[in-house]
Amino acid sequence: MNRVPPSERIRQAIQELLDSGIRGDKDVLNELIRLGAMRLVQEILEQEVEDFLGRGHYEHRKGEVEFKGYRNGYREKQLETAEGSITVAVPQLRQTVTPFESKLLSFLRSHTDVLDRLVAEMYARGLSTRDIEEAFKDSTGEQLITRTAVSQVTESLWGEYEAFRKRDLSGFDVAYLFLDAVFEALRRTGQTKEGILCAWAILTDGRRVLLHLALGNKESYEDWLEFLRDMVKRGLKTPITVTTDGAPGLIKAVEAMWPKSLRIRCWAHKARNILDKVPEYAQSEVKAYLQTIREAPTLEAGRLAAQQTIERFKKQFPSAMQSLEDDLEASLNHLRVPVAHRKFVRTTNLIERSFEEERRRTKTLPKFFCEHSALKLVFATLTRATRRWQKIHITELEQKQMQKLRQSLGLDPDPNSEKQQKQPESEKISVTA
């Protein structure tokens, strides 16, 4: 019979993983996270039983210690979480003098507000309503919360989203804006995925904030234009820069709404598109040239490096060089902001990482029934991801440089002025539409 408690076996598995060496492999790191979550849950369960019986695992009762019952093995319970499938060994007891009851569950019964918040957090972190229902059962099988109740509690997330999408944005002094979309499959549309549009920003004081989230269907020009109009109506200040990928509808909407702002083409997307058109044997060399363009000290130096790169490779890799030439000026606009800010504005990596986290969590759930459930979970996940964002340090000199750039672009610093709200005649955009 195995006398090693489950938590110790998990600890040994973690140690073996660490001993094998971790070199940044995502699968290895995800397994480490999964085992860590499993160990945490397992140790809590074992500690509760140890406290109840008054003795440790396979420890005999000593002296006058009151007899309270025997351990009777474990019952495995499977939970599908964002960290993967977690097997929890639930301790079983027999011949107990008094019924064993989890202190955690006992506490939650008398603190329903804590239970509601805990359920909402578990849902936001990728557990299905069924898993949450199973997690809140005591040793007798009594349910602390039903699946229906879980669904009702998670509706609080929708309330949070509704308040979020209606809030006043005039208090955010936006310097750099970022736009992207994540796609989720809905049951009512079968295999078709619908876009959820997202806007983030770096403020002039260095804070990073989530600004807006809404359904965007096919990420079309009309969808993005409506999305941007909504933020402007709620007081969003004209940004100095707007970083996007190469989606035509998004680019057109940004240029229509903020024609004077600097549009920046995401370098992560740009480089991938170019290198995809280059044979593997030459990718390292081409990548080095691209990095020279991206890291150029000035806008003029960037243009020169781009021209030299095109001349160097246009005969060998014409399609790749065509991708480089496409929207080139937008790809160099990051060289116009303060040097220390360039690495932050030249890509949508912050968005990409947050979306990767969102996809990692939602992959454990079935297809969403509707846009309501999709938005609810994506919003919950992304807003929680923002809590880990770090503030960017912006010096007084950089503040002056940003203000000078804003003035040189002809951007009105007052978000409530008529000038800021005026739209290009060619597009006839009404922000009150």
Side-chain angles (χ1 to χ4, degrees), residues 172-180 199-211 237-246 251 254-255 258-275 284-310 312 323-354 386 388-413:
F172 295 105
D173 192 7
V174 173
Y176 309 126
L177 184 66
F178 303 82
L179 303 170
D180 207 344
W200 319 69
I202 296 176
L203 308 184
T204 54
D205 64 3
R207 285 180 296 148
R208 291 160 156 168
V209 296
L210 176 63
L211 293 175
K237 182 178 181 178
T238 301
I240 299 173
T241 67
V242 185
T243 305
T244 73
D245 60 16
I251 291 174
V254 169
E255 292 181 339
W258 297 301
K260 294 183 179 181
S261 297
L262 293 174
R263 181 174 57 80
I264 297 176
R265 183 76 171 263
C266 173
W267 262 95
H269 289 87
K270 183 86 169 181
R272 282 199 296 266
N273 289 339
I274 294 170
L275 293 176
S284 295
E285 183 183 6
V286 174
K287 184 176 181 181
Y289 274 79
L290 294 179
Q291 288 174 338
T292 300
I293 301 170
R294 189 191 67 190
E295 304 293 340
T298 65
L299 179 61
E300 291 72 22
R303 287 170 176 160
L304 179 59
Q307 189 57 45
Q308 290 173 341
T309 301
I310 293 169
R312 168 72 177 80
S323 291
L324 175 57
E325 286 186 287
D326 177 45
D327 209 18
L328 180 58
E329 199 63 23
S331 301
L332 298 174
N333 274 337
H334 69 287
L335 299 176
R336 300 179 66 177
V337 307
V339 175
H341 301 180
R342 293 175 183 177
K343 65 180 180 181
F344 299 114
V345 304
R346 68 193 181 199
T347 74
T348 56
N349 277 353
L350 181 64
I351 297 176
E352 293 291 332
R353 287 196 298 270
S354 298
T386 64
R388 298 188 293 275
W389 290 355
Q390 295 182 346
K391 183 178 180 180
I392 297 170
H393 177 65
I394 297 180
T395 66
E396 185 176 347
L397 174 60
E398 290 164 354
Q399 291 273 7
K400 292 179 180 178
Q401 291 174 330
M402 293 163 69
Q403 186 58 35
K404 185 177 180 180
L405 178 57
R406 177 178 285 279
Q407 291 172 352
S408 71
L409 294 170
L411 303 178
D412 192 336

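In this text the structure is predicted, and so the values were computed from the model without any measurement.
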Donor-acceptor contact below 3.5 Å, side chain Gln399 vs main chain Ile394: no
Stepwise side-chain contact (heavy atoms from CB on, under 4.5 Å) check, Leu411 with Trp258: CA-CA 9 Å; Leu411 303 178; Trp258 297 301; over 6 Å; no
Nearest heavy-atom contact between Leu332 and Leu299 is O-CD1, 3.5 Å
Ion pair present between Arg265 and Glu329, side-chain N to carboxylate O less than 4.0 angstrom? no
Looking at every non-hydrogen atom in both residues, tell me the closest pair between Ile392 and Ile202 and how far apart they are. CD1-CD1, 3.4 Å
Under 3.5 Å, is there a donor-acceptor pair between the side chain of Lys270 and the main chain of Ser323? yes
Which of these, Lys343, Arg342, Arg346, sits in a salt bridge (Lys or Arg N to Asp or Glu O under 4.0 Å) with Glu295? Arg346
Keeping the roles fixed (side chain from Ser261, backbone from Pro239), state whether a donor-acceptor pair exists under 3.5 Å. yes
Would you call Arg263 and Asp327 a salt bridge, using N to O less than 4.0 angstrom? yes
Using only atom types and a distance under 3.5 Å, with no angle test, would you say the side chain of His334 pairs donor to acceptor with the backbone of Arg294? yes
Considering non-hydrogen atoms only, spot the tightest contact between Leu328 and Ala306 and give its length. CD2-CB, 3.9 Å
Can any side-chain N or O of Arg406 pair as donor or acceptor with the backbone N or O of Ala175 at less than 3.5 Å? no
